[in-house]
Visitor: 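Dropping the structure in here first, questions after.
Values below: all heavy atoms of this structure, side chains included; hydrogens, waters and symmetry mates excluded. All values reported here derive from a predicted model rather than from experimental measurement.
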Amino acid sequence: MTKRVMLVVAYDGTNYCGWQLQPNGVTIEEVLNRELSALLKEPVQVTGASRTDSGVHARGNVAVFDTENRMPADKICLAVNQKLPEDIRVQSSCEVPPDWHPRKANCVKTYEYRIMNSRIPMPLERLYAHFSHYPLNVQSMQQAGQYLIGEHDFKSFCTVRTQAEDTVRTIYSLQTVQAEDGMISIRISGSGFLYNMVRIIAGTLLRVGSGMYPPEHVEEILEARDRQQAGETAPARGLTLVSMEYEKELPDWQTAANRHWRYRILQSHIRQNQAAYFLVERCEEAEWERVLKRNIHHAFQNGASRVYVADAEGCRLKTKDRYGYYVIRTCSPEQDGFYLELLDKDEKKQFLSAAGGASAPVWYCAEDGGRNDEKNNGKNGQEEA
């Protein structure tokens with residue numbers, strides 16, 4: 001009987017060409033596949049949550065694989081660690097549902113970028129921190145980082161060769177602190193990261209710390225959506241994937257606001273009724289299609305089979321409009337029943353207040369319309385720092 005096993009993997013990335021299989025060098029994925037296959041006496045291919053780049057380290061990357069071997073899942077980590085090189089260790093292993101996927105489940109990813117800020121380099125830190133002998137203003141770096149918190153388009157902070165269709169991501173926290181020995185740590189948590197995103201943020205904050213940019217210039221870089229405006233990509237050796245914390249249950253509400261859009265999504269009815277409610281409070285016309293496409297798709301990924309959508313600003317929702325896989329239609333008693341009766345008094349009050357309070361918002365329904373074309377399929381294009 002096949003079971004799916006989840007691994008939490010730590011590694012020193014110095015001697016590897018990143019996580020993902022490469023034709024020109026040894027990778028973490030390659031070593032895990034080889035040793036797990038030998039241990040379990042069957043071909044094993046792991047799927048990683050974060051495809052870290054060459055030279056990047058990890059304390060808590062996550063991977064899964066399927067096996068028919070009868071070895072208990074929680075014993076696999078102990079057994080395979082006896083065969084792995086000393087710079088790779090599986091921290092834990094456990095069985096997960098057969099359809100669980102580490103890149104599709106909602107999680108908070110935390111990275112840390114370390115900078116040794118001193119007059120003379122410290123040899124013991126040379127593989128795990130970027131060295132900077134220029135005095136850095138940590139307070140300015142901390143101030144600059146606050147402009148990046150929230151949901152934004154991070155096109156300025158990803159490599160120009162990104163494969164991601166949508167460059168919007170959410171940063172939950174960003175802290176820059178300095179220890180007594182001069183080590184500066186930039187710790188950043190988010191829903192996901194674009195290719196080289198954390199290292200470009202670190203390179204930009206280094207420019208702020210050195211006085212090349214004032215802290216508020218980071219907001220201008222963010223709004224420019226132009227990679228040339230941001231700082232250099234900081235070296236890989238300073239970056240470590242610290243942890244991945246997977247969501248055990250959906251929060252009742254999801255909200256986001258910046259200068260371009262503001263919305264709220266009610267998710268509390270997904271589990272029992274497979275229904276989500278998505279109110280766009282305001283949205284620039286240029287962002288409208290992306291905001292709808294991204295959030296309707298995410299609600300379906302979270303388990304909704306119906307996503308009710310309302311536009312608090314006007315009448316931009318039209319029957320038969322298509323957003324990725326999803327088609328808009330008018331709500332009807334025959335198809336939707338009494339969908340608004342699912343809402344409790346407080347939920348109705350929140351939607352009414354967000355819509356301006358004068359009248360209840362007009363709801364439409366987004367339903368799965370099947371694949372249209374690859375250009376509009378709602379892919380997120382997950383990449384990693």
Visitor: Under 30°, 30 to 60°, or over 60°: which ring-plane class applies to Tyr113 and His130, parallel, tilted or perpendicular?
Guide: tilted

Visitor: Side chain of Gln146, backbone of Gln142: donor and acceptor closer than 3.5 Å?
Guide: yes

Visitor: How close do Gly369 and Val327 get, counting heavy atoms only, and between which atoms?
Guide: CA-CG2, 3.9 Å

Visitor: About how many Å separate CD1 of Ile201 and CG of Leu148, when rounded to the nearest 0.5 Å?
Guide: 5.0 Å

Visitor: Could you state whether Ile200 and Ile171 fall into the same hydrophobic cluster, counting links through intermediate Ile, Leu, Val, Met, Phe, Trp or Tyr residues with side-chain heavy atoms under 4.5 angstrom apart?
Guide: yes

Visitor: Ring centroids only, cut at 6.0 angstrom: are Tyr128 and His57 within range, meaning strictly under it?
Guide: yes

Visitor: According to the interplanar angle, ranging from 0 to 90°, do the rings of Tyr308 and Tyr339 count as parallel (below 30°), tilted (30 to 60°) or perpendicular (above 60°)?
Guide: parallel

Visitor: Do you see a donor-acceptor pair shorter than 3.5 Å between the side chains of Glu220 and His217?
Guide: yes

Visitor: For atom CD of Gln45, is the number of surrounding heavy atoms from other residues, nucleotides or ligands below 6.0 Å larger than 12?
Guide: no

Visitor: Return the NE2 to CE distance between His133 and Met116, rounded to the nearest 0.5 Å.
Guide: 14.0 Å

Visitor: Kindly say whether Gln139 contributes a backbone atom to a donor-acceptor pair with the side chain of Asn137 at under 3.5 angstrom?
Guide: yes

Visitor: Do we see a donor-acceptor contact under 3.5 Å between the side chains of Asn302 and Gln267?
Guide: yes

Visitor: Hey, does Glu219 have a side-chain heavy atom less than 4.5 Å from the side chain of Pro215?
Guide: no

Visitor: Just checking, any donor-acceptor pair under 3.5 angstrom between side chains of Arg199 and Thr204?
Guide: no

Visitor: Are side-chain N/O atoms of Asn69 and Thr67 paired as donor and acceptor at under 3.5 Å?
Guide: no

Visitor: Whether Arg290 and Asp166 form a salt bridge (side-chain N of Lys/Arg under 4.0 Å from carboxylate O of Asp/Glu) is what I want to check.
Guide: yes

Visitor: Is it the case that more than 12 heavy atoms not belonging to Arg59 sit under 6.0 Å from its CZ atom?
Guide: no

Visitor: Report the C-alpha distance between Trp261 and Glu281 in whole Å, list the side-chain angles of each, state the deciding distance to 0.1 Å, and finish with yes or no for side-chain hydrogen bond (donor to acceptor under 3.5 Å, both in side chains).
Guide: CA-CA 8 Å; Trp261 62 76; Glu281 299 177 48; over 6 Å; no

Visitor: For residues Val309 and Leu317, determine if any side-chain heavy atom of one lies less than 4.5 Å from a side-chain heavy atom of the other.
Guide: yes

Visitor: I'd like to check the salt bridge (charged side-chain N to carboxylate O under 4.0 Å, His left out) partners of Asp74; sequence neighbours left out, ordered by chain and number.
Guide: none

Visitor: Charged N to carboxylate O below 4.0 Å: is that the case for Arg51 and Glu29?
Guide: no

Visitor: The test is side-chain contact (heavy atoms from CB on, under 4.5 Å); show your working for Tyr195 and Cys158 and say whether it passes.
Guide: CA-CA 6 Å; Tyr195 187 54; Cys158 70; 5.6 Å; no

Visitor: To the nearest 0.5 angstrom, please state how far the OG atom of Ser54 sits from the CD atom of Gln20.
Guide: 13.0 Å

Visitor: Can you tell me if Asp153 and Thr167 form a side-chain donor-acceptor pair at under 3.5 Å?
Guide: yes

Visitor: Where the side chain of Ser118 meets the backbone of Pro121, is there a donor-acceptor pair that is under 3.5 Å apart?
Guide: no

Visitor: Hey, mind stepping through Tyr263 and Asn295 against side-chain hydrogen bond (donor to acceptor under 3.5 Å, both in side chains) and telling me if it holds?
Guide: CA-CA 10 Å; Tyr263 63 80; Asn295 286 289; 3.1 Å; yes

Visitor: Identify which one of Val242, Ile188, Leu241 satisfies the side-chain contact (heavy atoms from CB on, under 4.5 Å) criterion when paired with Glu112.
Guide: Val242

Visitor: Could you measure the distance from the NZ atom of Lys293 to the NE2 atom of His297? Nearest 0.5 Å is fine.
Guide: 9.0 Å

Visitor: Going by distance alone, is a donor N or O of one side chain under 3.5 Å from an acceptor N or O of the other, for His269 and Gln274?
Guide: no

Visitor: Is the CD atom of Glu232 crowded by more than 12 outside heavy atoms at less than 6.0 Å?
Guide: yes

Visitor: Would you say the side-chain atoms of Ser353 pair up with the backbone N or O of Lys349, donor to acceptor, closer than 3.5 Å?
Guide: no

Visitor: Among residues two or more places apart or on two chains, list those pairs meeting ring-ring contact (aromatic ring centres under 6.0 Å, His included) that have a residue in residues 218-260.
Guide: Trp100-Tyr246, Trp253-Phe351

Visitor: For residues Val291 and Cys283, report the shortest heavy-atom separation together with the two atoms involved.
Guide: CG2-SG, 4.0 Å

Visitor: Is a salt bridge present between Arg282 and Glu287, judged by a nitrogen-to-oxygen distance below 4.0 Å?
Guide: no

Visitor: Could you check whether any side-chain N or O of Glu313 sits under 3.5 Å from a backbone N or O of Val280, counting only pairs where one atom can act as donor and the other as acceptor?
Guide: no

Visitor: What is the distance from atom CG of Leu250 to atom CZ of Arg271, rounded to the nearest 0.5 Å?
Guide: 8.0 Å

Visitor: So, the side chain of Ser93 versus the backbone of Ala73: is there a donor-acceptor pair under 3.5 Å, distance only?
Guide: yes

Visitor: Closest approach of Ala230 and Ser156, non-hydrogen atoms and distance?
Guide: CB-O, 3.4 Å

Visitor: Where is the tightest heavy-atom contact between Leu206 and Met141, given as atom of each residue plus distance?
Guide: N-CE, 4.4 Å

Visitor: Side chains of Val307 and Tyr277: does their closest heavy-atom pair fall under 4.5 Å?
Guide: no

Visitor: Return yes if some donor-acceptor pair links the side-chain N/O of Arg126 with the main-chain N/O of Pro123 below 3.5 Å, else return no.
Guide: yes

Visitor: Hey, is Arg114 close enough to Glu125 for a salt bridge, meaning N to O under 4.0 Å?
Guide: yes

Visitor: How about NZ on Lys104, more than 12 heavy atoms from neighbouring residues, nucleotides or ligands closer than 6.0 Å, or not?
Guide: no

Visitor: In terms of ring plane angle, is the pair Tyr111 and Phe193 parallel, tilted or perpendicular, where the classes change at 30° and 60°?
Guide: perpendicular

Visitor: How many angstroms lie between atom NZ of Lys155 and atom CG of Asp226, to the nearest 0.5 angstrom?
Guide: 8.5 Å

Visitor: May I ask you to test the Leu279-Gln350 pair for a side-chain heavy-atom distance under 4.5 Å?
Guide: no

Visitor: Step by step, work out the side-chain contact (heavy atoms from CB on, under 4.5 Å) result for Glu289 and Tyr323.
Guide: CA-CA 7 Å; Glu289 182 174 354; Tyr323 297 95; 4.0 Å; yes

Visitor: Is it the case that more than 12 heavy atoms not belonging to Glu245 sit under 6.0 Å from its CD atom?
Guide: no

Visitor: Using atom types as modelled and distance alone, determine if a side-chain donor or acceptor of Arg187 lies under 3.5 Å from a backbone N or O of Ser189.
Guide: no

Visitor: Of all the heavy-atom pairs spanning Lys109 and Ala49, show the shortest one and how long it is.
Guide: NZ-O, 3.6 Å

Visitor: What do you reckon, is CD of Glu284 surrounded by more than 12 foreign heavy atoms closer than 6.0 Å?
Guide: yes

Visitor: Got a salt bridge between Glu151 and Arg169, using NZ or NE/NH1/NH2 to carboxylate O under 4.0 Å?
Guide: no

Visitor: Please determine if Glu223 and Arg259 form a salt bridge, counting it only when a charged side-chain N lies under 4.0 Å from a carboxylate O.
Guide: yes

Visitor: Before we go on, tell me: are the rings of Tyr16 and Tyr11 under 6.0 Å apart, centre to centre?
Guide: no

Visitor: Which heavy atom of Arg89 sits nearest to which heavy atom of Leu84, and what is that distance?
Guide: NH1-O, 3.3 Å

Visitor: Starting from the C-alpha separation in whole Å, work towards a yes-or-no answer on side-chain hydrogen bond (donor to acceptor under 3.5 Å, both in side chains) for Ser268 and Glu347.
Guide: CA-CA 10 Å; Ser268 59; Glu347 291 166 347; 3.2 Å; yes

